Amino acid sequence: MTFDRTKHISFDEETSSTVDPEYSLQPFRALKGEAFVSSYAVTYFKDGKPVSEACAMPSVDQLRAFLQHCIDNDLTIVGWNVAFDAAWPCALGLEDLVMRAKWLDGMLLWKHLTVTPEYGLSKGKRKSYSLKAAVPEFFPERAGYEEDIDFHDMSPEATAKRLVYNQKDTIFTFKLTEKFYNMLEQEPARLQAALIEAKCIPMVAASYVQGLPIDVKQAEKLYEMLDNESMMQLDALSEFNVTPEILNSPKQLAKLLFEDWGLPVLKKTPKGQPSTDKEVLHELLNTVQDVRADAVRRYREAVGNQSKFAEGTLDSVKYNGDGCVRPMASIYSTYTGRMTFTSKQGKGKNERAIGIPIHQMKGDKGEKLDKEYRKMVLAPPGYTIVEFDAAGQEFRWMAIMSGDQTMLELCMPGEDPHSFMGSRIVQCDYRELIELNHAGNKKAKNERKLGKFANLSFQYRIGAEKATVKARVEYKLDVRQPYIQSVKDVYLKSYPRVQDYWQNQIFKCERKGYAETLAGRRVDLHGDWRRNGWSLESTAINFPIQGVGADQKYLALAVLRPYLLTVGAKFFFELHDGIYLLVPDDKVEQVAVEGKWLLDNLPYHKAWGFASPIPLTWDCKVGKTWGTLKEYDYGSK
DNA sequence: CTCCCTTGCGCC
DNA sequence: AAAGGGCGCAAGGGAG
């Protein structure tokens, strides 16, 4: 089934705004007519020949007719970063047609063919996957075709020139997509993984327009609370010549801590400077009992979270002007396949706060203000947030990939891997520990926490030193390195196949020159295995786990897409192993049940040729704000 | 002033 | 010899 030219049509829009040029990158502005599609172009095959057409200032009816034509004729719409193009008709009231149409993205196919880890490269130095980067590589004689295009000049001359350019984009997109499709198809699983991933394109497109409604009062309240917190810590330090300027600067803070106050240097940065990070501050409190260090840590935390989350949210709501923030999802944005979200467009003075750093938004770890953050994000009126979360995702995929019998058994119903590991560490009875935990026993709770720490930390090759820091700072466990070394030993002894998996992956990936997931997604690992051995090995180990998690998420979205249409629900956002939906209030129970059934029974075999030895289940939570989701109670229904 | 690097830290 | 992985964002500091 090579690429069928008669079943694909490439599509590209140019967009502009009469209010502000920057709005032409913000599809939701079309909701209020503050930005518009200035033209669109298509390329398709007719009687074996390519035909390109363009339409200036398309009306909503014209866009509707185009989408309807594609649906009626079973044409797949092909674009370059096409979620952006698909978002505009969503904003113009055509979301239903966008969701029903088929979409494919040449840029994403290219990525599937060529992605590498790109260790240590800053964002600007990474390979660009833009069409403007692809054309010179594959059609060198056509390089520079995009020069001198003015996107906002609506004069007849500029428009005519732009329409030609618009069509060229669709020609290149068609040719490249066909090429990449056929290359991927040489290994059908790779193409299949890419095609499943592409199913989420219209969901992501619609989510750009939907946005996340914000409880501004809550954001202001959080801002105040963090203000109070930082002021309080600053007061506590008032007699020690401390200023915000010093505390905000790692360099100045290092001088204060280690020269002025004479505290011991516990850790250095990669560049050899004395580190002032929160681990160091945490340890200065615990080892030297210096309470000033604790105040410094709390101050820095409050200030950092205030600007990043509270102030950032208020800024974004203000910029968007309609009560919503709109972090932009990026499909396959990490080399393992995961999505990322960005909250800014432009840089420097031109930086626009379109959204919030949703993948970093503080969650509830039990600290005082933790639960105030996610409460800022609301369901729109008439909707409820429904979250499906892949239960123990990385643990389960490691169990499957390693084939470790104990891990696999712990994934069966009624088992609790963290209690198991806790019981191994403190040498008590596993079932008894589960019982005590159910009864709310405090000691048992801590023992389970230790097991959880071990299960989540030692899956990869973390050393005892870093693991100790993690246990102390992140899990607030009062432990020392020799003890954590013994915990690590218990872990590796309990799941012996994990280390075998590491060795097998390293051997296999070096030989093949790539790593791959169960679904067929790959990353290229050709490189200097002598010099960069550790990094390449780590990718060989990590990629199949994190990557298949991404594949699983895309498969879940692909299955949910047609279902959500039938109940009027929408994709809201995602958090790697969690999918957040907006569900009409009166459909929540139905979606909690039917959605869970669909996700617990994803067609892994049909999609990937994979029959799971264990159940891969999803947990469900529902609520009116992101911060107040509650486990859905299946028992009482 | 802008650009880039470093440090630090939030999430999975 | 020793080394978890994957990201995006904020702020300071230095170079140009």
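Computed over heavy atoms, backbone and side chain alike; hydrogens, waters and symmetry mates excluded. Chain naming here is simple, since letters A, B, ... match the order of the sequence lines and numbering starts at 1 in each. Here the structure is a predicted model, which means the values were calculated and not measured.
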Quiz item: A/Y475 has an atom OH; how far is it from atom C1' of C/dG4, in whole Å?
Solution: 12 Å
Quiz item: From the list B/dC12, B/dC5, C/dA10, which nucleotide is the closest neighbour of the side chain of A/H576?
Solution: B/dC12
Quiz item: Out of B/dC11, C/dA10, C/dG8, which nucleotide sits closest to the side chain of A/K362?
Solution: B/dC11
Exercise. Give A/E301 one of three labels, base, sugar-phosphate or nothing, depending on what nucleic acid heavy atoms sit under 4.0 Å from its own.
Key: sugar-phosphate
Exercise. Spell out yes or no: do the side chain of A/K470 and the base of C/dG4 have one donor N/O and one acceptor N/O closer than 3.5 Å?
Key: yes
Quiz item: Should A/K278 be listed as having a side-chain N or O under 4.0 Å from OP1 or OP2 of B/dC9?
Solution: no
Self-check item: Salt-bridge present (A/R472, A/D478; N to O < 4.0 Å)
Solution: yes
Quiz item: A/N542 side chain: which of B/dC9, B/dC11, C/dG5 is closest?
Solution: C/dG5
Quiz prompt | Ring-face cation of A/R521 near A/W608 (centre distance under 6.0 Å, axis angle within 45°) | solution = no
Practice problem: Establish, with yes or no, whether the OP1 or OP2 oxygen of B/dC11 is under 4.0 angstrom from a side-chain nitrogen or oxygen of A/K365. | Solution: yes
Self-check item: Residue pair A/K127, A/E118: steps toward the side chain to side chain contact (heavy atoms under 4.5 Å, CB included) verdict
Solution: CA-CA 8 Å; A/K127 178 180 171 71; A/E118 303 188 282; 3.6 Å; yes
Quiz item: Would you say C/dA11 has OP1 or OP2 under 4.0 Å from some side-chain N or O of A/K308?
Solution: no
Quiz item: Of the nucleotides C/dA10, C/dG13, B/dG10, which has the atom closest to the A/K251 side chain?
Solution: C/dG13
Quiz item: When you match A/P117 and A/S249 each to their closest nucleotide on DNA chain C, which lands nearer the 5' end?
Solution: A/P117
Quiz item: Under the 3.5 Å rule, do the base of C/dG8 and the side chain of A/Q360 count as making a donor-acceptor pair?
Solution: yes
Quiz item: Atom CZ of A/R461 to atom P of C/dA1: distance rounded to whole Å?
Solution: 16 Å
Quiz prompt | Test item: side-chain donor near acceptor, A/S316 and A/T313, under 3.5 Å | solution = no
Quiz item: Which part of the nucleic acid, if any, lies within reach of A/S275 when heavy atoms closer than 4.0 Å are counted: base, sugar-phosphate only, or nothing?
Solution: sugar-phosphate
Self-check item: Distance flag, aromatic centroids of A/Y332 and A/W110, threshold under 6.0 Å
Solution: no
Quiz item: Among C/dA3, B/dC12, B/dG8, which nucleotide sits nearest the side chain of A/T276?
Solution: B/dG8
Exercise. Return no unless some side-chain N or O of A/K488 is found under 4.0 Å from OP1 or OP2 of C/dG4.
Key: no
Quiz item: Given the side-chain rings of A/F571 and A/Y580, with only the six-membered ring counted for Trp, is the space between their centroids under 6.0 Å?
Solution: no
Quiz item: Closer than 4.0 Å, any side-chain N/O of A/S343 to the OP1 or OP2 of C/dC9?
Solution: yes
Exercise. Identify, between A/Q252 and A/R126, the residue whose nearest nucleotide on DNA chain C lies closer to the 5' end.
Key: A/R126
Quiz prompt | Residue A/K349, side-chain atoms from C-beta onward, closest of C/dA11, C/dG6, B/dT2 | solution = B/dT2
Practice problem: Could you please name the option among B/dG8, C/dC7, B/dG10 that lies closest to any side-chain atom of A/T340? | Solution: C/dC7
Practice problem: Would you indicate what A/K271 reaches in the nucleic acid, counting non-hydrogen atoms under 4.0 angstrom: base, sugar-phosphate, or nothing? | Solution: sugar-phosphate
Exercise. Starting at atom CG of A/D577, determine the distance to atom C1' of C/dG6, rounded to an integer number of angstrom.
Key: 13 Å
Quiz item: What nucleotide among B/dG8, C/dG5, B/dC11 has an atom nearest to a side-chain atom of A/D277?
Solution: B/dG8
Practice problem: Output the single nucleotide from C/dG8, B/dC12, C/dG4 whose closest atom is nearest the side chain of A/S538. | Solution: C/dG4
Quiz item: Choosing from C/dG8, B/dT6, B/dC5, which nucleotide comes nearest the side chain of A/T342?
Solution: C/dG8
Quiz prompt | Electrostatic pair A/K267:A/E279 at N-O distance under 4.0 angstrom | solution = yes
Quiz item: Under the 6.0 Å and 45° cation-pi test, does A/R352 pair with A/Y319?
Solution: no
Quiz item: Can a donor-acceptor pair under 3.5 Å be found between the side-chain atoms of A/R338 and the base atoms of B/dC12?
Solution: yes
Quiz prompt | Cation-aromatic face contact A/R326/A/F28, 6.0 Å, 45 degrees | solution = yes
Practice problem: Sort by first number and list every stem of DNA chain C: at least 3 consecutive Watson-Crick or G-U wobble pairs, both distances under 3.5 Å. | Solution: B:1-12 with C:5-16
Quiz item: Taking only side-chain nitrogens and oxygens of A/K553, does any of them come within less than 4.0 Å of OP1 or OP2 of B/dC12?
Solution: no
Practice problem: Compare side-chain N and O positions of A/T269 against OP1 and OP2 of B/dT7 and report whether any pair is under 4.0 Å apart. | Solution: yes
